[in-house]
Amino acid sequence: MATVTFDKATRIYPGGDKPAVDGLDIEVGDGEFLVLVGPSGCGKSTSLRMLAGLEDVNAGAIRIGERDVTHLPPKDRDIAMVFQNYALYPHMTVADNMGFALKIAGVNKAEIRKRVEEAAKILDLTEYLGRKPKALSGGQRQRVAMGRAIVREPQVFLMDEPLSNLDAKLRVQTRTQIASLQRRLGVTTVYVTHDQVEAMTMGDRVAVLKDGILQQVDSPRNMYDKPANLFVAGFIGSPAMNLVEVPITDGGVKFGNTVVNVNREAVKAAADKGDRTVTVGVRPEHFDISSPNGSGLSKEGPEGLAVTVNVVEELGADGYVYGSAEVGGEHKDLVLRVGGREIPEKGSVLHVVPRPGETHVFATSTGERLSD
Ligand SMILES: Nc1ncnc2c1ncn2[C@@H]1O[C@H](COP(=O)(O)OP(=O)(O)O)[C@@H](O)[C@H]1O
Ligand SMILES: [Mg+2]
């Protein structure tokens, strides 16, 4: 086992005007499951391929444990990679597919057989060892690809969107299997996906990339509770965090006709920078909703922001309300989570206030998080 270090690793493709990955700095702990996530084209595969030795590193370094592997060929890095398309050999049996890399490496037949059988047992593939890939389901092929990595007993597993060829239900099952298998084997793993739910459910830590630049590396909990900037705030969480630009006033920020107390230092920091507004983030589950029938009415009118319900998504246990509100003279779409038995009528008007202590404050100018 080993740690993995990206030390300001940079990749500029020939003819490219800006780096596909720019100064990537991540330390992956021994035995850790680290997920690289971000939208398509943000540099996830490039990062993984630099670690694998399949892509040149133009600046910076990559280390596995104490070894500087920046310029080592892939075969000398002691890693095993699982690709999106599995890349199984169609004419070979499952057993031969799984043992192929060991055969190439000159491992003796008895040892290959032992390792393949062990991996097959772990992956529930024992009865399929004699079959060809075409006689397997998508999920079984995926497990063969995993098996091929496991038998090599590498220091590091690299996985690039290994679940994207599976249907939605199987993807959810398989992600749990991979995560628990990784914990059992304790092999340091770098896993790439564009799916933030996959990232949040599988990773010990998650690294968010955008345009080749690392935005934040954190535990799933911290990533959700304290996104470092507007991009992470909007990317992590589904439905996404509501982000509303609001004017700064005395005592807080103005949300409709209510002044909401958000982190004072954060607002002050924005004002000191000369910003007139801040961008306040509120997760769909963090609104207090007063009844649409008018409880919560005060003399000045209903409290909070008036949200007109456009669409309701009922999910049983809860539901999501997609509505619109007027904030600072502009139309703004908002998403609110409501209880499964408190689903409002389409067209009705809700009055909502962000729950105290559950707001996020970002500088409108730079996107950086201001609240702690
Ligand atoms: N072989 C290549 N040559 C030139 N540009 C590339 C090559 N591979 C990827 N890119 C570019 O580098 C950027 C990052 O790509 P990639 O790492 O594949 O993103 P991701 O895996 O996050 O979708 C993209 O802009 C992509 O077009
Ligand atoms: Mg990719």
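In listed order, ligands and their atoms are each counted from 1. Just so you know, these numbers come straight off a predicted model, no measurement behind them.
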Worked verdict on Asp160 versus Lys44 for salt bridge (Lys or Arg N to Asp or Glu O under 4.0 Å): CA-CA 8 Å; Asp160 194 349; Lys44 304 179 295 294; over 6 Å; no
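- Note on ligand 1: Gly16 sits outside its first shell, no heavy atom being nearer than 4.0 Å.
- Here the straight-line distance linking atom CD1 of Ile62 with atom CG of Leu72 works out to 11.0 Å at 0.5 Å rounding.
- Less than 4.0 angstrom separates atom 26 (C) of ligand 1 from none of the non-hydrogen atoms of the protein.
- Ligand 1 places these atoms under 4.0 Å from at least one heavy atom of Ser45: 17 (O), 18 (O), 20 (P), 21 (O).
- Considering only non-hydrogen protein atoms, atom 24 (C) of ligand 1 sits nearest to Gly41 O, 3.7 Å.
- With hydrogens and angles ignored, the 3.5 Å screen pairs a side-chain donor or acceptor of Lys332 with a backbone N or O of Leu243.
- Under a 4.0 Å criterion applied to the non-hydrogen atoms of Ser40, ligand 1 contributes the atoms 23 (O).
- None of the N, O or S atoms belonging to Ser40 lies under 2.8 Å away from the Mg ion (ligand 2).
- Classified by interplanar angle (parallel below 30°, tilted 30° to 60°, perpendicular above 60°), the ring pair Tyr320/Tyr322 is tilted.
- Between the Ser219 side chain and the Arg205 main chain, no donor and acceptor come within less than 3.5 Å of each other.
- For the side chain to side chain donor-acceptor pair (under 3.5 Å) with Arg115, the qualifying choice from Glu117, Glu111, Glu118 is Glu111, the only one to do so.
- Closest to atom 17 (O) of ligand 1 among all protein heavy atoms lies Thr46 OG1, 2.5 Å.
- When only non-hydrogen protein atoms are considered, atom 1 (N) of ligand 1 lies nearest to Tyr13 CE2, 3.6 Å.
- Ring geometry, Tyr89 versus Phe100: the interplanar angle exceeds 60°, so the pair is classed perpendicular (tilted spans 30 to 60°).
- For the pair Ala20 and ligand 1, the shortest N or O to N or O distance does not fall below 3.5 Å.
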